[in-house]
Structure formats: C-alpha cells, structure tokens
Amino acid sequence: MTGALKQVAAAIRGRSMAFSFLIGQIIFGIMVVSHALVFVDLFQRQGLLTGVDMDGSFCVITEDDDTMLPERDLAVLQGLPGVRAAAWVSNAPVHERRLAGIFSAGERHVAAWEVHGTSAAADAYGFEIVRGRALTEEDLVTAGERPALISAALGEALFGAGDPVGRTFTSRAVTWRVSGVLRQAGILPPFSVVADNLLVQVARPARARHAEYVVNVAPSNRAGFPAAVESALRPAAPERFLRVETLRRALLRVYEATAGAIVVFGMIITLVLGVVLLGSTGMSAFLVAERLREIGIRRAMGATRRDIAGYFLFENFTVTTIGLILGSALSLVMNRWLVHLALPFATLDFRHLVLGIILFQVTGLLAATVPALRASRVPPSVASRTA
C-alpha cells in the first residue's frame, strides 16, 4: 500500500496539470451534487408534519350553501366506525393560508403557529400529550385566561427548561394559560420557520359554506373511511363538494410541484455525474496513453496484467478521494454561507455528503475501468518500441 501511494504521489507530481484538472472537476462536482441532494431532501420533506399521524388522520373538506352543516357534520363524523377523534378546524394544514403569531412570556418573544379547532383537535391530528391535561369544551372561554396546549418546543422557547404547565403568556392582548404540553406538533413542513412551535386552542365550528375537519381513524377502518364519509354526509346535502384524504395525501396535493422539482434536481445530479464520468474517463485514457513505455517496462520486469489494472484503479481512487475530501470541505464552507445569507433550512448534513461521496466513488471506478483494462493489455515489447 505504501509503495503504491508513493507511485501515485510521484505520478501526480510529474503530471500535476492533468491531475489538477481531474481533482478540480471532482471538487466542483461534489459541491453541486451535495447541494442538489439537500434540495431534493427539502422538497421531499414538504409532505411531512412533525408529530402528526400522517396516514391515520384524514382531512375532510366540505362546501355547501347550508351554513348549519358544520356542527351536524362533526357529530356524524364522530359516530363513524373506527373514529378515535374528530374535530372541526379553522383550516387544514396548508402553508399558504397561515401566518405565524408572536407570543410573549416576560422578555421572551417567540413566533409560533396556531390550531383553532374543537376540543379534540390535538387527538385528531395524532399529537401526544406528555404533561398536563387535554382540552375540553369547557375551555372555550372569551374572557380571562384561555387554556391552550403548546408543543414542547414552544414551551422551551417561552419558559426555558422549566415546566410550562400552568404558566401564562400573551399574544394580541390575549392571555393564555398552558393546560398541557405536546411532545412534538407541527402543521407546517419541518423546515418552515419555527414549525415546531405550536399552540392548540378551543374554538367553536364556524357557520360557513366551507368547513374542514381532521379525523383520526383506527387502522382497520382506514381503507373504507372515505366511502363511509361519503355515505354519511352526502344525504344531508347531495350537491355539496366533498373531499376525504389522509393528511399525507393532502400535503402531497398542496405541494404537487414537489415531484417536478425533485426531477429537476435529479437531472442536475445525473448531468454532473455524467460530465465527471466523461471527463474522468478521458483524462484516465490520456494518462494511460502517455505512460505506455512506463507500463511496458513494468510488464517486462514481471508485473502482471492484474497488477497494472489494479494500480490504475488505485490511482483513480486516490485522486478521487483527494478531490472528495477537498470538495466536501469546500461544500461545508459554502453551505454555511448559503444557510446564513439565503436559505436557513438548506443545511448540508452527513447523509448528503456520504451519498455524494458514494456516487462519485462509483463514477470514478466506472471512469477508470476501461483505461485500466487497456493499460493491462499493453505488452512488454512496447518498452522497446517507444524507447
């Protein structure tokens, strides 16, 4: 191994221009590919909510001219087979229709999101209460302190390490008292601003044409739940608009452009890897052709075809590794600048770098295979013909 490394080092010193081009190509490639993987990851995470039962909770949306339907519909949904919790909510988790509020506790001011819904809203989403109590219909108050559930992240942001249960905070001249703490809760994709900061309060179903509900259903009843809702709600308003889908499906529909964006970044990754593959193959072929006499001499001295092919594969692996080490370091530096100035959620982590490194090592191996096999077929007689 030490001898092979010395040979590679000598080859790099002797042909610094060619190897510098190859290393620079790999550095640029890993910087582009690793960040493309970051954006693919971000777009995939648009269809996820923290702490939510994505496949067990359904979003039911209905529209009809009869503004008295919301309360009656909620009662019907609560009685369907397999329903563990059903709640009317002010709107389903759709990013474009929400704005964060500012909540204050002493000198601390924190941005957070809100869920307005009937008392079972937290259970309907699948949120887990870890301290305190759940909300009830009696918590629907318009004067004085209003009971609320908050996520553990919001509790820590407002009160630090202390237990938030029973403590108060304010927002828009309203005083809230914490009745319970949710382990994790979010109604926005996890990379949105303070997405883990959430407050759940009790509200009364609005008398409106448009109504939305979140319903948590037992596993055995999920497959037939959309049909059950259709059969239960349609008779009261035959002409109504009705949509029933899991929260996962609802988020995928809202962010339907995600698939296209992932394809675009996938094409960028493929294009960069293709360019690096072609460039590396061409450079490896050039380096082999330039050293035909050297290869012939080594064959004449007893080196086997396997020895020659193995050396050129090892040389390519070493050069690729050097490029990946330098490129990974530069990628981390560039990512810190990107996160700080433009995209705070586009954080490059270990997973992205490892996947990028694997892709480039495989690409480098493919690029070196044909030139290495060609080098292994050089006969010893070439040493005398090129002397």
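This structure is a prediction, so every number in the text was calculated from the model and none was measured.
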Cluster overlap V217 with W88, hydrophobic side-chain contacts below 4.5 Å: yes

From CD1 (I268) to NE2 (H35), nearest 0.5 Å: 13.0 Å

Working for side-chain hydrogen bond (donor to acceptor under 3.5 Å, both in side chains), residues S179 and R133: CA-CA 6 Å; S179 65; R133 65 171 179 84; 4.6 Å; no

Modelled atom types, side-chain donor and acceptor of T62 and E212, under 3.5 Å: no

F317 atom CZ, neighbour heavy-atom count above 12 within 6.0 Å: no

Donor-acceptor under 3.5 Å (N197 side chain, A111 main chain): yes

Heavy-atom donor-acceptor pair, S151 side chain to D196 backbone, under 3.5 Å: yes

Side-chain (D139) to main-chain (T136) donor-acceptor, under 3.5 angstrom: yes

I129 and V181: CA distance, side-chain angles, deciding distance, side-chain contact (heavy atoms from CB on, under 4.5 Å) verdict: CA-CA 6 Å; I129 299 178; V181 178; over 6 Å; no

Spacing of CZ belonging to R146 relative to OG belonging to S171, to within rounding of 0.5 Å: 10.0 Å

Heavy-atom side-chain contact between L48 and L251 under 4.5 Å: no

Under 3.5 Å: donor-acceptor pair, side chain of T168, backbone of W176: no

Verdict with reasoning, D55 to T246, per side-chain hydrogen bond (donor to acceptor under 3.5 Å, both in side chains): CA-CA 6 Å; D55 298 308; T246 63; 4.8 Å; no

Minimum side-chain heavy-atom gap Y311-R306 below 4.5 Å: no

Derivation and outcome, side-chain hydrogen bond (donor to acceptor under 3.5 Å, both in side chains), residues S119 and E138: CA-CA 9 Å; S119 59; E138 287 71 32; over 6 Å; no

Verdict with supporting geometry, F103 and T170, side-chain contact (heavy atoms from CB on, under 4.5 Å): CA-CA 6 Å; F103 298 86; T170 60; over 6 Å; no

Salt-bridge contact R240-E230 (side-chain N to carboxylate O under 4.0 Å): no

Closest non-hydrogen atom pair, P219 against R84: CD-NH1, 4.0 Å

D41/R351 ion pair, N-O < 4.0 Å: yes

Close side-chain approach of F169 to V178, heavy-atom, < 4.5 Å: yes

Cationic N near anionic O, under 4.0 Å, R209 to D64: no

salt_bridge(R222, D53) N-O dist < 4.0 Å: yes

side-chain contact (heavy atoms from CB on, under 4.5 Å) between Y125 and L247, intermediate numbers included: CA-CA 9 Å; Y125 275 105; L247 289 180; 3.9 Å; yes

Flag, side chain of H352 to backbone of L348, donor-acceptor distance under 3.5 Å: no

Side-chain heavy atoms of L313 within contact of L365, under 4.5 Å: yes

Verdict with supporting geometry, H210 and I61, side-chain contact (heavy atoms from CB on, under 4.5 Å): CA-CA 8 Å; H210 181 91; I61 299 176; 3.4 Å; yes

Nearest-0.5 Å distance, CD1 of residue I322 to CD1 of residue I26: 9.0 Å

Donor-acceptor under 3.5 Å (Y213 side chain, P70 main chain): yes

